[in-house]
Undergrad: 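Please find one structure pasted underneath; my questions will follow.
Since the model is a prediction, treat every value here as computed from it, not as a measurement. Here is how names work: the chains are called A, B, and so on, in the same order as the sequence lines, proteins then strands, and each is numbered from 1.
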Amino acid sequence: MRRLLALAVGTVAGLVALFAYPTSRNATVEPSGSAVEAAPATQGDGSASSSADGSSDGSTDAAGGPDSTSGAASDGASGTTAADGTYTGAAVDTRWGPVQVQIVVQGGRITSADAVVYPDENGHDRQINAYAIPLLDESAVSAQSAQIDLVSGATVTSQGYVQSLQDAIDQAFS
Amino acid sequence: MTAVVTAPAPRRAWVEQVMGMPWSIHVRGAGAHDDVTARLVAAAFDEVRRLDALLSPFRSRSELSRLRCHEITLETCGRELRDVERLCRTALVRTQGWFDAWRWRDGFDPTGLVKGWAVARAARVLEPLACDVAVDAGGDLAARCVDADATWLVGIEDPADPSRLLATVPVGTGAVATSGTAARGSHIVDPRTGAPATGVRQATVVGPSILWADVFATAAVARGTSAVEWVHGLHGTSGVLVLDDGTTHTWSNPV
């Protein structure tokens, strides 16, 4: 699924994939407003960085729905740049349901790219969580009794490694 | 397909000490014990050693050390160091200044980013292998699986007791990076003051990129308690924070 989504987003400028992300946990479309020039109709803090901005970005509701256009004038009348507006890519079927990527173009630049998940037949929105939430081990089980493959911890120096969990696992397979 | 009881897939592990830490490479699958596998693994370690020679701040004649003492300029450096420097500038922006390769030791020191970047490069050497592969450098790892349903089960160390696990997370193809203040020799500072970071004892980020998981985990520790809210903006990641008071905070963000 991740590859399909990456393909869908990949049709948009690669730069956008770096600097513009879906802004919220819910499934509504919210242009992330990362334009350096004039702010779009919805909120935007004007920052050029990614979605890892302060949390306030995520909670603002979008003013525009999927078909709204956010800019009237277009710089690209000659056809060499895209007219301002919101563009929605074809729906791609994934095992979580159909996914579409929607971009907002302003001043000839893509200012946001959002992956929109449409509700399934039951009307419940489905989220795509690419990675599982870590499962807290309340009993702080010793590593020996858990069938783990690898260990992630704060940097292990070569001196401390000898007693480390990872060392035990490595030895089992060396 | 009939259900068949199968033995666990063949698996082999190699460990070498590079960059002052143990690097583990695990290969799981039919080819785990093949000679070609062993040769590719050796080539992966060779690449990491090559990068260490170029970029170690502890080697006086590395390209990084010569840059740091102004013997050479960035423009005359090789591709690797220029790439790393550019990535550090991107990391500075993407973490709103909380990952700052210029403000934790005197001068420019990309060490905090080089480890994740080197793990990715080692993993790339191993890409031709038609097996499940994992590269773990001192607790930061990149993994991939051939089948969509296969996973590596990753245990996250309890910062209060490294012989115990805080949590587990299954990873198919992706990365897990953990930064913390508890480990001996941890150098994560608040870039604004230069003082050791407080508030977050350990941060683990799970995501598609080991380089960015490493950067984000480091930035989360540098941020302190503001990381609790910040991580919810890291789309396409999951993870767990352990605060100084022992409370834990997990997340899994949609793409």
Undergrad: Of all residues at least two apart in sequence or in a different chain, which pass the side-chain contact (heavy atoms from CB on, under 4.5 Å) check with Pro170(B)?
TA: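 By the side-chain contact (heavy atoms from CB on, under 4.5 Å) rule, Pro170(B) matches Ala132(A), Thr151(B), Leu153(B).
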Undergrad: Name the region of Trp152(B), side chain, backbone, both or neither, that has any atom closer than 4.5 Å to a heavy atom of chain A.
TA: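 Backbone plus side chain of Trp152(B), per the 4.5 Å heavy-atom cut-off to chain A.
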Undergrad: With respect to Ile133(A), which candidate in Asn253(B), Thr250(B), Val206(B) satisfies the side chain to side chain contact (heavy atoms under 4.5 Å, CB included) definition?
TA: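 Going through Asn253(B), Thr250(B), Val206(B) one by one, the side chain to side chain contact (heavy atoms under 4.5 Å, CB included) with Ile133(A) is satisfied by Thr250(B) alone.
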Undergrad: Please examine the side chains of His26(B) and Leu150(A), heavy atoms only from C-beta on, and report whether any two atoms are closer than 4.5 Å.
TA: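 Side chain of Leu150(A) against side chain of His26(B), heavy atoms only: contact under 4.5 Å found.
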Undergrad: Using a cut-off of under 4.5 Å on heavy-atom pairs, state which of Gly236(B), Gly207(B), Ala143(B), Gly239(B) scores highest against chain A.
TA: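 Top count of heavy-atom pairs under 4.5 Å with chain A: Gly207(B).
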Undergrad: Could you work out, with salt bridge (charged side-chain N to carboxylate O under 4.0 Å, His left out) as the rule, every residue matching Arg144(B), not counting sequence neighbours?
TA: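 With sequence neighbours excluded, Arg144(B) shows a salt bridge (charged side-chain N to carboxylate O under 4.0 Å, His left out) to no residue whatsoever.
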Undergrad: Check Gly180(B) against Ala154(A) and note the closest heavy-atom contact, atom names and distance.
TA: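 Shortest heavy-atom contact: N-CB, 3.8 Å.
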Undergrad: So if I apply the side chain to side chain contact (heavy atoms under 4.5 Å, CB included) rule between Ser152(A) and each of Asp136(B), Val171(B), Val176(B), which one comes out positive?
TA: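 Single side chain to side chain contact (heavy atoms under 4.5 Å, CB included) partner of Ser152(A) among Asp136(B), Val171(B), Val176(B): Val176(B).
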Undergrad: Would you give the length of the straight line joining atom CG of Leu165(B) to atom CG of Leu136(A), rounded to the nearest 0.5 angstrom?
TA: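 One finds 11.5 Å between CG of Leu165(B) and CG of Leu136(A).
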Undergrad: Is it the side chain or the backbone of Leu141(B) that comes within 4.5 Å of chain A heavy atoms, both, or neither?
TA: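 Contact with chain A is through the side chain of Leu141(B) alone.
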Undergrad: Once you round to the nearest 0.5 Å, how far does CG of Asp149(A) lie from CZ of Arg11(B)?
TA: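 The distance works out to 4.5 Å.
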Undergrad: How many angstroms lie between atom CZ of Arg12(B) and atom OG of Ser174(A), to the nearest 0.5 angstrom?
TA: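 Rounded to the nearest 0.5 Å, the CZ-OG separation comes to 8.0 Å.
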Undergrad: Mind listing the closest non-hydrogen atom pair of Pro134(A) and Val169(B) along with its distance?
TA: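 Minimum heavy-atom contact is CA-CB, 4.0 Å.
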Undergrad: Could you tell me whether a side-chain N or O of Ser252(B) sits under 3.5 Å from a main-chain N or O of Tyr131(A), the two making a donor and an acceptor?
TA: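 Judged by distance alone, yes, a pair lies under 3.5 Å.
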Undergrad: For Ala177(B), is it the side chain, the backbone, both or neither that has a heavy atom under 4.5 Å from a heavy atom of chain A?
TA: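 The backbone, not the side chain.
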